[in-house]
Amino acid sequence: MEKFDVIVIGAGVTGAMIARELSRFELSVAVIEKESDVCMGTTSANTAIVHAGYDPVPGTLKAELNVRGNKLWDQVAFELDIPFKRTGDYVVAVGDDEFKKLEVLFERGKKNGVLGLEILSKDKTLSKLPYLNRDVGGAIFAPTGGIVDPFQAALAPMENAVINGVHLYLETSFIDFIFEGNKIIGIKTNNGEFLSNWVINAAGLYSDVIMHKANIHPEFKITPRKGEYYIFDRNEFAIPDVLFPVPTEFSKGIMITTTVHGNTIIGPNSHEVDDKEDTSNTREGLEEVYKGASKLVPEINLRHAIAIFAGLRATGNARTPNPNIDYHHDFLIEAHPQLGLLNVAGIESPGLASAPAIAERVVELLKDSGLELKEKKDFNPIRKPRKRFRDMSNEERAQLVKENPLYGRVICRCEYVTEGEIVEEIHSPIPAKTYDAIKRRTWLGTGRCQGAFDTPRVVEILSRELGVSPLEVTKKGSGSYFLLRKTKEVENG
Amino acid sequence: METRKFTCLGCPVGCSLTVYIENGEVVKVEGNQCNIGIDFAKQEVKDPRRKVTTTVKIRNGVHPLLPVYTDKPFPKGMIMELVKELRKIEVEAPVKMGDIILENALGTDVNIRASRSIKRNG
Amino acid sequence: MDKYDVVVIGAGPGGLAAAISAKKEGAESVLIIERDKEPGGILNQCIHNGFGVEIFKEDLPGPSYAERFVTEAESLGIEFMLDSMVLEVTPQKKIYTTSKWYGFKEIEATAIVLAMGARERTRAQIRIPGFRPAGVYTAGSAQRFVNIEGFMPGKRFVILGSGDIGMIMARRLTLEGAKVERVLEIMPFLTGLTRNYVQCLQDFNIPLQLSHTVNRILGKNRVEAIESVQVDENFNPIKGTEEIIPADTLLLSVGLIPENELSRKVGVKMDTLIQGPFVDEEMQTSIPGIFAAGNVVHIFDLVDWVTEAGFTAGKGAARFVKETKEKSDLVKLVPGNNIHHIVPQYLKKDALQNGPIKLMMRVIKPMEEKVWVELSDGKNLITRKLERYVRPGEMVILTVPQKAYDDVKKAKELIVSIEKFGG
């Protein structure tokens with residue numbers, strides 16, 4: 001039986017950033033994750049925005065940690081080689097009624113401590129964003145808003161944590177707590193028992209289920225809210241800007257943004273679902289996304305869409321700790337020292353932006369609860385940058401291919417991902433063992449042919465590098481096989 | 001008199017044929033744009049045949065499978081039996097385009113030939 | 001740096017034909033760059049017949065058709081660079097490629113033929129709701145696995161699209177022991193050839209439903225079922241007609257899109273209606289010397305016509321190479337006795353075909369006497385003019401008449417000099 005100082009449940013961006021922070025200290029830390037890879041939950045399907053922080057209600061944890069996290073992202077992205085761009089973002093008002101709401105947002109932003117906010121007139125907005133609906137009333141520009149690679153947002157800190165001594169257990173799901181009297185001394189999982197002094201619940205959509213097992217906050221409930229998206233071919237239709245509509249109480253609205261690779265994404269809508277695993281796209285949802293985005297940019301043509309996906313937000317019902325603020329969907333970040341449980345729950349938007357600050361807060365809470373935090377002398381905060389063929393100059397490419405010919409073989413022709421990069425990810429500290437794992441790490445298969453060219457080649461490479469038959473290669477683990485049998489081996493003659 | 005309708009498979013045009021049959025013999029064909037249609041109709045009524053293309057296993061070649069074809073149209077009713085037989089075959093590389101892989105398949109006087117050359121590995 | 005007269009991008013039927021005809025029409029060095037490990041393009045996996053009916057008057061399987069051209073290309077001395085990806089083509093006709101075998105290369109071409117073919121339309125482009133499990137393939141991807149790699153993706157199939165690729169795959173899968181449950185076609189008519197409906201679907205009792213589409217994909221990790229639905233004349237699903245078809249694989253045969261990323265990057269004018277470059281009767285794009293052939297221009301139905309288009313493009317490329325070579329045949333003007341400099345410094349060898357040419361000079365030393373301004377090829381006098389004097393401060397002009405065309409064309413160099421009159 002393994003014994004740790006801290007166990008983190010969940011390897012999304014929250015769990016990963018927390019693990020990384022903890023790995024700075026002389027602690028034995030384990031992360032357990034029910035899926036076959038890091039970053040397969042909410043973190044893998046969202047709008048990938050590092051919000052500026054004008055949207056959350058002032059005085060909430062969301063507001064505080066969003067603004068703090070936003071500031072920390074430059075450092076984190078630099079240390080961990082996470083593609084991150086401070087593009088700035090716009091909130092676009094269509095019509096005069098919406099323009100009035102911009103004032104509210106502007107004031108809120110200032111109250112939250114967001115720097116550099118500007119209100120732009122209709123003419124200024126149209127001159128900067130000429131493709132907008134002509135009925136636009138004006139916009140807010142927030143220069144501190146940014147976009148990030150959402151997969152690396154979890155993969156990079158987790159890899160850094162693993163290199164600094166954290167143990168990662170994949171395909172390991174929480175079943176129950178192990179109690180000694182009233183204290184949690186460990187957890188039961190499908191892969192045996194793990195003993196620990198502290199358990200940090202960063203389990204996303206399942207964080208309510210887990211805290212209830214310790215009889216904490218029985219009234220706390222995670223309501224999954226589905227958001228659907230379209231991704232566009234950047235050669236056909238690409239808008240380089242990040243555009244929000246004027247937000248509603250429940251959601252930031254259907255926006256138009258760009259990925260760090262320059263693909264335009266539209267979405268998300270917002271609908272409650274019952275099933276915590278329901279990431280299916282729906283006809284109605286996709287229709288709603290298209291209508292919403294067209295309101296901002298009328299020329300959107302679905303003919304150029306190359307992918308659709310859906311993500312679930314872990315919306316909680318926690319009240320803001322500050323009793324003067326009447327807000328009921330805040331982050332729940334709370335330590336229970338007697339129990340040895342720290343909950344980090346209800347992490348929906350602005351979760352990605354806040355993640356570095358949430359991790360910081362968790363360490364503070366642990367310290368305040370009496371956990372001894374002695375800094376490791378040999379902690380290495382830097383994740384060595386990956387060689388990314390796509391981002392290199394021709395001279396760099398020539399040099400790289402000369403050193404290692406595998407980097408000369410392009411496997412994903414739409415995104416220029418080479419065999420060398422794929423092999424590196426298969427043998428990295430958190431090995432990529434499935435097609436989707438490689439996709440998350442390299443963006444292979446996310447281009448206009450959506451895997452038609454690369455799939456047979458990736459199957460061949462995975463089969464070779466993992467030493468398994470091509471029949472055992474899967475898209476995302478558990479039963480998602482690509483190939484059933486050899487062409488000439490029929491079951492019954 | 002029996003009337004049957006079917007599509008001529010003689011060329012990509014695919015004329016819709018109406019075929020009049022008496023005592024098992026084709027007496028009239030309508031809808032054809034050329035004589036291929038007449039020949040096809042007669043054959044289809046008497047002994048329907050199809051060109052078959054598939055693959056067979058090949059050992060030590062640059063590919064694991066060799067595409068093959070029937071060098072004459074093959075009896076339609078025996079196609080599934082043919083592919084079952086071909087599934088058992090494994091040829092040895094190298095193979096040249098046109099090589100006979102299976103002679104007189106299922107006693108039909110149709111040969112199965114290689115659609116391409118495949119070089120030996122290594 | 002490697003230099004070629006003609007570089008063809010893509011060794012499918014379009015590229016092979018272009019390379020062969022370019023070579024036959026006089027291009028000396030021809031290279032085909034191909035991303036796959038062998039030439040032939042999509043034909044290698046199209047093991048069915050129907051190819052060559054027009055060009056060879058024979059009904060060949062795809063690989064046979066390809067092999068004929070590959071053999072001819074090899075025998076003509078056309079070079080192949082296989083398992084290599086073209087990253088970029090510049091308007092100056094430089095090509096950047098990368099390969100495990102040849103490393104990162106910069107190749108210079110006088111003429112280029114774009115023959116990158118087409119890719120298949122994917123699920124998102126037709127927006128099928130549901131999960132995103134393993135088991136959804138384009139028909140072409142499945143065809144590659146079944147015919148080349150040697151694997152069956154599944155055992156129970158639903159095929160969306162009654163185009164030829166979908167129907168051909170329906171038959172192929174059945175012959176290899178799988179069950180094709182249904183072919184769904186959103187249009188109220190068959191989109192492929194009728195004869196394929198007969199010999200691929202009807203012969204094997206595979207049901208085809210027109211005015212039907214996929215409403216939803218079921219199964220989180222692997223396809224478990226396909227929900228089909230009937231559509232109305234506006235292609236909207238008709239409620240109540242949904243049917244769940246158990247299946248483990250969905251094949252999409254819903255259209256081809258010309259693969260023009262390289263074309264766009266190099267800046268040729270694109271016809272947005274058909275997603276291919278604008279071309280003239282020679283298959284030349286808006287950039288002189290860059291040609292295009294095959295599915296990259298628009299989607300063809302018969303490969304025979306792709307071959308013909310390739311022949312045309314190759315011929316055009318050879319023509320372009322020839323003209324470029326002729327243009328770059330220049331003869332140098334050399335300052336002779338008492339000539340400081342001459343402008344122009346070079347003449348094209350056939351420059352005089354368009355009219356007389358003025359040469360402008362300055363002398364080094366003044367000569368206050370009658371002098372000849374003479375143009376010669378080093379051996380023979382071509383033309384000359386009498387001047388009363390020459391002075392450095394005044395430009396001297398000598399007009400070369402059109403009748404000197406042959407002399408200039410033959411000349412290895414042209415010399416202008418000042419000679420004393422009468423000596």
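Computed over heavy atoms, backbone and side chain alike; hydrogens, waters and symmetry mates excluded. Naming convention: chains lettered A, B, ... in sequence-line order (proteins, then strands); numbering from 1 in each chain.
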Part of [X] lying under 4.5 Å from any heavy atom of chain A:
X: L87(C); result: both
X: N215(C); result: both
X: Y102(C); result: neither
X: F145(C); result: both
X: P133(C); result: backbone
X: R144(C); result: side chain
X: E149(C); result: side chain
X: T272(C); result: backbone

Top residue by heavy-atom pair count (under 4.5 Å) with chain A, among [options]?
options: E88(C), K100(C), Q275(C); result: K100(C)
options: G150(C), G103(C), G177(C); result: G150(C)
options: E261(C), R216(C), K105(C); result: E261(C)
options: D36(C), D248(C), T98(C); result: T98(C)

Subject >> Residues of residues 273-282 of chain A near chain C, each having a heavy atom less than 4.5 Å away >> reply: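 Within residues 273-282 of chain A, the residues under 4.5 Å from chain C are D275(A), E277(A), D278(A), T279(A), S280(A), N281(A), T282(A).
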
Hey, are [X] and [Y] close enough for a salt bridge, meaning a charged N less than 4.0 Å from a carboxylate O?
X: K433(A); Y: E465(A); result: no
X: K488(A); Y: E176(C); result: yes
X: E287(A); Y: R283(A); result: no
X: K179(C); Y: E181(C); result: yes
X: E419(A); Y: R457(A); result: no
X: K475(A); Y: D436(A); result: yes

Original post:
Which is it for R441(A) and E424(A) under the salt bridge (charged side-chain N to carboxylate O under 4.0 Å, His left out) test, yes or no, and what are the steps along the way?
Top reply: CA-CA 10 Å; R441(A) 287 156 178 69; E424(A) 182 172 10; over 6 Å; no

Does any heavy atom of chain C fall under 4.5 Å from the side chain of [X], the backbone, both, or neither of them?
X: Y407(A); answer: backbone
X: E236(A); answer: side chain
X: K486(A); answer: both

Subject >> Backbone of I107(C) reached by a side-chain donor or acceptor of D2(C) within 3.5 Å >> reply: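 No.
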
Original post:
Would R485(A) count as a cation-pi partner of F151(C), with NZ or CZ less than 6.0 Å from the six-membered ring centre and within 45° of the ring normal?
Top reply: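 That pair does not qualify as a cation-pi contact.
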
Original post:
Would a line drawn from the ring center of F482(A) to the ring center of Y435(A) be shorter than 6.0 Å?
Top reply: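 Between F482(A) and Y435(A), the centre distance is under 6.0 Å.
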
**OP:** Could you tell me how the ring of F389(A) sits relative to the ring of Y416(A): parallel (under 30°), tilted (30 to 60°) or perpendicular (over 60°)?
**Re:**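 F389(A) and Y416(A): perpendicular rings.
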
**OP:** Could you check whether the rings of F309(A) and Y229(A) sit parallel, tilted or perpendicular, using 30° and 60° as the cut-offs?
**Re:**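 Aromatic pair F309(A)/Y229(A) classed parallel.
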
**OP:** Check whether the side chains of T418(A) and E421(A) place a donor and an acceptor atom closer than 3.5 Å, and report yes or no.
**Re:**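 Yes - a donor-acceptor pair under 3.5 Å links their side chains.
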
